[in-house]
Participant: 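Sharing a structure with you now.
Side chains are part of it too, since the values below use all heavy atoms of this structure and drop only hydrogens, waters and symmetry mates.
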Amino acid sequence: MELAGRRSRPEEGDFPEEEEVDPRIQGELEKLNQSTDDINRRETELEDARQKFRSVLVEATVKLDELVKKIGKAVEDSKPYWEARRVARQAQLEAQKATQDFQRATEVLRAAKETISLAEQRLLEDDKRQFDSAWQEMLNHATQRVMEAEQTKTRSELVHKETAAKYNAAMGRMKQLEKKLKRAINKSKPYFELKAKYYVQLEQFKKTVDDLQAKLALAKGEYKTALKNLEMISDEIHERRRSSAMGPRGCGVGAEGSNTSLEDLSACKLESDSISRDRAEGAENKMSNKVNKNRSSSGNSTEGLALDNRMKQLSLQCMKVKEGIIADRKAVQIG
């Protein structure tokens, strides 16, 4: 298995800074750096453990094959005995565990019965003791414990009998094969003893590999959590900066609660109308002056009359525009 790429340690500069650094960033960065170191270390240890497992497995295969060639047929002939011996050993372990469970259940049952007996005795000795609800609840709890302990003892006793019978049967089978295959067993003994030795070593390496895999998964989980927290903090910082840069929002057009009163709006509109009228009248006066000037300069010529008529038309158009503007503003005020 190839090693994963080495993870680099993040720095504070990788994340947005504020005028005053968020104290959470330092804590999460330390967690991120620590988990990064743990991941790199666990990956190295895991690869070393796997390499050792493979080396022992190859060594065991080579040496056991050499013994098979040296010992010969006795290895194959004695296999039933060694398998029966393995089964008997497993049955023995199960029987021992069942015996311990049975003994533990017996002790729990005895203690529960003693509790009830002591409570009943104290109740009989003290005639003034009131048999209240609290006392009744205590007795009920003790009685429940006795019932559960009896059930546990019954189950453990049954398992104990089953495992004991299984162990006795396995031992009987092993003894029979031992007598039958005695010569092949003695000859093949070096092979199976070496096989058992390598089996123990491989089991230990396998346990080490499993433990390192669990620790690596835990370190990766801590790394992801710290990274997620840093991203969340970064988003919060950017959001605060964006809100601060935009500043407070003003009231929208037509929003309720405006500080501008209706009187101020009316005054503003009247002032606007007055300015518009003054501008229109000024424009009209300018155009009249221009007409009079043109009249004096053009005299009674045809071009002068045409220009005069054109000026009158423009003056009328300006008056209509002025009246339309005033009418529109009055409509807005009324509305």
Participant: What's the separation between atom OH in Tyr199 and atom CZ in Phe192, rounded to the nearest 0.5 Å?
Facilitator: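 The distance works out to 15.0 Å.
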Participant: Considering non-hydrogen atoms only, spot the tightest contact between His160 and Ala98 and give its length.
Facilitator: CA-CB, 3.6 Å
Participant: Hey, could you give me the CD1/CZ distance between Ile185 and Arg85, rounded to the nearest 0.5 Å?
Facilitator: 9.0 Å
Participant: Ile39 and Lys220: side-chain contact (heavy atoms from CB on, under 4.5 Å), yes or no, with the steps?
Facilitator: CA-CA 6 Å; Ile39 290 173; Lys220 288 183 177 180; 3.9 Å; yes
Participant: Is it true that Gln144 and Asn140 share a donor-acceptor pair across their side chains at a distance under 3.5 Å?
Facilitator: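 There is no such pair (donor and acceptor under 3.5 Å, judged by atom type) between the side chains of Asn140 and Gln144.
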Participant: How long is the straight-line distance from OG of Ser55 back to CD of Gln201, given to the nearest 0.5 Å?
Facilitator: 11.5 Å
Participant: Would the distance check show the side chain of Ser78 and the main-chain N or O of Ala74 forming a donor-acceptor pair, the cut-off being under 3.5 Å?
Facilitator: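 The answer is yes, because a donor-acceptor pair under 3.5 Å joins these two groups.
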Participant: In terms of side-chain heavy atoms, does Gln96 have a donor or acceptor partner in Tyr167 at a distance below 3.5 Å?
Facilitator: no
Participant: Does the side-chain hydrogen bond (donor to acceptor under 3.5 Å, both in side chains) test come out yes or no for Gln92 and Arg89, once each step is laid out?
Facilitator: CA-CA 5 Å; Gln92 182 183 17; Arg89 176 59 179 168; 3.1 Å; yes
Participant: Any side-chain heavy atom of Asp101 sitting closer than 4.5 Å to one from Val159?
Facilitator: no
Participant: Might you point out which heavy atoms bring Lys63 and Leu194 nearest each other, and give the distance in Å?
Facilitator: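 Closest heavy-atom pair between Lys63 and Leu194: CB-CD2, 4.2 Å.
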Participant: Mind checking whether Arg50 and Gln213 have side chains closer than 4.5 Å, heavy atoms only?
Facilitator: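 A side-chain contact exists here, since the closest heavy-atom pair is under 4.5 Å.
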Participant: Atom CD of Gln90 and atom NZ of Lys166: how far apart are they, to the nearest 0.5 Å?
Facilitator: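 If I round to the nearest 0.5 Å, the distance is 7.0 Å.
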Participant: Looking at Arg240, is its backbone amide N or carbonyl O close enough to the side chain of Ser244 to form a donor-acceptor pair, meaning the two atoms are under 3.5 Å apart?
Facilitator: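 Not confirmed, Ser244 side chain does not pair with Arg240 backbone.
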Participant: So that I can tick it off, tell me whether Glu45 and Arg42 are bridged by a salt bridge, with the cut-off set at under 4.0 angstrom between side-chain N and carboxylate O.
Facilitator: yes
Participant: If you compare all heavy atoms of Val209 against all heavy atoms of Leu46, which two are closest, and at what distance to 0.1 Å?
Facilitator: O-CD1, 3.7 Å
Participant: Decide, yes or no, whether a salt bridge links Lys207 with Asp211 under the criterion of side-chain N to carboxylate O below 4.0 Å.
Facilitator: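 Result for this pair is yes, salt bridge flagged.
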Participant: Would you say the side-chain atoms of Thr61 pair up with the backbone N or O of Leu57, donor to acceptor, closer than 3.5 Å?
Facilitator: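 Confirmed, Thr61 side chain pairs with Leu57 backbone.
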Participant: Looking at CG of Asp38 and OH of Tyr223, how far apart are the two atoms once the value is rounded to the nearest 0.5 Å?
Facilitator: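 Answer for the CG-OH pair, Asp38 versus Tyr223, is 12.5 Å.
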Participant: Is any NZ, NE, NH1 or NH2 atom of the basic residue among Lys228 and Glu231 found under 4.0 Å from an Asp or Glu carboxylate oxygen of the other?
Facilitator: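 Salt bridge flag = no for Glu231 with Lys228.
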Participant: Looking at Met147, I want to see if its CE is surrounded by more than 12 non-hydrogen atoms of other residues, nucleotides or ligands under 6.0 Å.
Facilitator: no
Participant: Look up atom OG in Ser35 and atom CD in Glu28, then write down how far apart they are to the nearest 0.5 Å.
Facilitator: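 Result: 10.0 Å between the selected atoms.
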Participant: Do Leu230 and Ile25 have side chains that get closer than 4.5 Å, going by heavy atoms?
Facilitator: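 Heavy-atom side-chain distance check passes, below 4.5 Å.
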Participant: Testing the 3.5 Å rule here: is there a donor-acceptor pair between the side chains of Gln26 and Glu30?
Facilitator: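 There is such a pair between these side chains.
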Participant: One thing to verify: whether Glu94 and Lys97 come together as a salt bridge, which I'm taking to mean a side-chain N less than 4.0 angstrom from a carboxylate O.
Facilitator: no
Participant: Identify whether the distance between the nearest side-chain nitrogen and carboxylate oxygen of Arg54 and Glu59 falls below 4.0 Å.
Facilitator: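 Looking at Glu59 together with Arg54, the answer is no, because their closest N to O distance does not fall below 4.0 Å.
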Participant: With a 4.0 Å cut-off on N to O distance, would you call Arg110 and Glu114 a salt bridge?
Facilitator: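 The answer is yes: the pair qualifies as a salt bridge.
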Participant: Can you name the nearest heavy-atom pair linking Ala149 to Leu109, along with the distance?
Facilitator: CB-CA, 3.6 Å
Participant: How about Trp82 and Leu177: do any of their side-chain heavy atoms sit closer than 4.5 Å?
Facilitator: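 Answer no - side chains too far apart.
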Participant: Any carboxylate oxygen within less than 4.0 angstrom of a Lys/Arg side-chain nitrogen, looking at Asp210 and Lys206?
Facilitator: yes
Participant: Let me see the working for Arg104 and Glu107 under salt bridge (charged side-chain N to carboxylate O under 4.0 Å, His left out), right down to the final yes or no.
Facilitator: CA-CA 5 Å; Arg104 190 179 300 108; Glu107 290 296 323; over 6 Å; no
Participant: Do Phe53 and Val56 belong to the same hydrophobic cluster, where Ile, Leu, Val, Met, Phe, Trp and Tyr are linked whenever their side-chain heavy atoms lie under 4.5 Å apart, directly or via other members?
Facilitator: yes
Participant: Taking NZ, NE, NH1 and NH2 as the nitrogens, is one of them in Arg183 or Glu178 under 4.0 Å from a carboxylate oxygen of the other?
Facilitator: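 Salt bridge: no.
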Participant: I'd like to know if Val87 and Tyr81 are part of one continuous hydrophobic network [Ile/Leu/Val/Met/Phe/Trp/Tyr, side-chain heavy atoms within less than 4.5 Å].
Facilitator: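 Per the 4.5 Å side-chain linkage, Tyr81 and Val87 are not co-clustered.
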Participant: For Lys31 and Ala226, work out which heavy atoms get closest and say how close.
Facilitator: CB-CB, 4.1 Å
Participant: Taking all heavy atoms of Lys187 and all of Ile71, pick out the closest pair and write down the distance.
Facilitator: CE-O, 3.5 Å
Participant: Salt bridge check, Glu148 against Arg145: does any charged N sit closer than 4.0 Å to a carboxylate O?
Facilitator: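 No salt bridge links Arg145 with Glu148.
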Participant: For Lys153, is there an ion pair with Glu150 - N to carboxylate O distance below 4.0 angstrom?
Facilitator: no
